[in-house]
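The structure appears below as structure tokens.
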Amino acid sequence: MLRIEAAEIIVVRLPLKFRFETSFGVQTEKVVPLLVLHGGGLQGFSEGTMEFAPMYREESIAGGLHLVREVFLPRILGKTFANPEDLEAALGGFRGNKMARAMVEMAAWDLWARMLEVPLGTLLGGRKTEVEVGVSLGIQADEAATVDVVRRHVEQGYRRIKLKIKPGWDIQPVRATREAFPDIRLTVDANSAYTLADTGRLRALDEFGLTYIEQPLAWDDLVDHATLQARLTTPLCLDESITTAQDARKGLALGAGGVINVKVARVGGHAEARRVHDISQAFGAPVWCGGMLESGVGRAHNIHLSTLPNFTLPGDTSSASRYWATDVINEPLEAVDGLMPVPTGPGIGVTLNREFIASIAELHEERTA
Ligand code: OSB
Ligand code: MG
């Protein structure tokens, strides 16, 4: 049985090794909320992917931690569940706030997999021992800098290059990259920066052989994406717009895209992520695992989810050492030639670097029933 006895909420701040510019802003550090669930002498870990300000989706760290503390934890602490899916009723009945909910759900999956002494990926139904990964590259100063950073990552063996774009910086970096690397798997991500009025500019991307264009239109839209998709030959990939398996069904049924970016926290946890995976597979739509610049904890969760069979396109879970000088976990998570090994230990297969965390923690609270 999955008995949840106590919880720890920890917040750390990690400097990013690169400047990450997207259509919604520039990031140079990451505030990482961590949750530890204790039960049966074991610990399950998760990472919140909410951000300081609601730029990507509507969730924020402050709002999410309030819900974890005051709404979700009181419903599970001191209680016993049959398995993590049995938590769904306790965590159900609330609108939105999937990333906050996912913190609790994902830590419960890790704890449960450790209790059963199996890797989380295996428990979810995955079979891969390594997963294909690419990189998501922020907006650079000019074409030459873009080609440089792409070259560095192509040389490291990453299986796909994704360029962040925005209106006024789209065709230029894509053309320069394609001219320098005619054969790489190349994609772009607009993070909702365009409208249907930009159809002409987006259609101009069709000639560059992109695998997909990620989330060009509004974060909460499906209908305009369907209109745009009918006017483009490049498949659209939905990211921000999908927070449930029902969203995925509606998006694919509407023809709003042909590919889904699955971020486990954006859809509320592993059980819903697997349902997004399954429904996409039923539509013949490939999925891949997105990232939110996670520390080792979230990164390990992403790797395990990516072992499911319909994750047929490379994900964003690149080497942890790209992001952090020191990570919050003890184990390295390093891709070799674009293949990320799946940790083999129980659960997510990584352990917290408690000493490092204690030295930098901005918050550390314990909760019991
Ligand atoms: O849209 O996929 C995105 C990071 C923060 C918010 C949104 C996105 C991203 C990334 C980074 O693209 C992927 C990663 O390296 O983790
Ligand atoms: Mg995206």
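All ligand and atom numbering here is 1-based and tracks the order in the structure.
- Geometrically, R151 does not engage F181 in a cation-pi contact defined by less than 6.0 Å to the ring centre and at most 45° from the axis.
- Of the possible polar contacts, one joining the N353 side chain to the F356 backbone as a donor-acceptor pair under 3.5 Å is found.
- Aromatic rings of H304 and H270 (six-membered ring for Trp) have centroids beyond the 6.0 Å cut-off, not under it.
- If you check which protein heavy atom lies closest to atom 16 (O) of ligand 1, you get L293 N, 2.8 Å.
- The protein heavy atom nearest to atom 6 (C) of ligand 1 is M292 SD, 3.5 Å.
- Using a 4.0 Å cut-off between heavy atoms, Q215 makes no contact with ligand 1 at all.
- Of all atoms in ligand 1, numbered sequentially from 1 with element shown, those under 4.0 Å from a heavy atom of K263 are 1 (O), 2 (O), 3 (C), 7 (C), 8 (C).
- With a heavy-atom cut-off of 4.0 Å, D239 touches ligand 1 through its side chain alone.
- By the criterion of a heavy-atom distance under 4.0 Å, the side chain of N191, and not its backbone, is placed next to ligand 1.
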Start with the C-alpha distance between D239 and R266, add both sets of side-chain angles, then the distance that settles salt bridge (Lys or Arg N to Asp or Glu O under 4.0 Å), and finish with yes or no. CA-CA 9 Å; D239 174 357; R266 193 196 64 226; 2.6 Å; yes
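- Polar contact with ligand 1: absent for E240 (N/O pair, distance under 3.5 Å).
- Geometrically, R160 engages W288 in a cation-pi contact defined by less than 6.0 Å to the ring centre and at most 45° from the axis.
- Ligand 1 places these atoms under 4.0 Å from at least one heavy atom of E214: 2 (O).
- Of the N and O atoms on the side chains of Y158 and D337, not one donor lies less than 3.5 Å from an acceptor on the other residue.
- Distance from atom 9 (C) of ligand 1 to its nearest protein heavy atom, with residue and atom name: G291 O, 3.6 Å.
- In terms of polar-atom proximity, S136 is counted as a contact of ligand 1, with an N or O under 3.5 Å from an N or O of the ligand.
- Under the 4.0 Å criterion applied to side-chain N and carboxylate O atoms, R178 and E207 are not assigned as salt-bridge partners.
- Distances below 4.0 Å separate heavy atoms of Y323 from the following atoms of ligand 1: 14 (C), 15 (O), 16 (O).
- Defined by atom type and a distance below 3.5 Å, a donor-acceptor pair is missing between the side-chain atoms of T187 and E214.
- Salt-bridge formation is not detected for the pair R152/E155: no Lys NZ or Arg NE/NH1/NH2 atom is positioned less than 4.0 Å from an Asp or Glu carboxylate oxygen.
- Taking a cutoff of 4.0 Å between a charged side-chain nitrogen and a carboxylate oxygen, K98 and E105 do not qualify as a salt bridge.
- If you number the atoms of ligand 1 from 1 as listed, the ones under 4.0 Å from a heavy atom of K162 come out as 2 (O), 12 (O).
- Side-chain atoms of E294 and H301 form no donor-acceptor pair, as typed in the model, at a separation below 3.5 Å.
- The atom of E214 nearest to the Mg ion (ligand 2) is OE2, with the search restricted to N, O or S atoms.
- Residue-level proximity to ligand 1 for T22 is absent, since no heavy atom of it falls below 4.0 angstrom.
- Closest approach between the Mg ion (ligand 2) and any N/O/S atom of D239 involves OD2.
- Contacts between K164 and ligand 1 below 4.0 angstrom, taking non-hydrogen atoms only, involve the side chain exclusively.
- Atom OD2 is the N/O/S atom of D189 found closest to the Mg ion (ligand 2).
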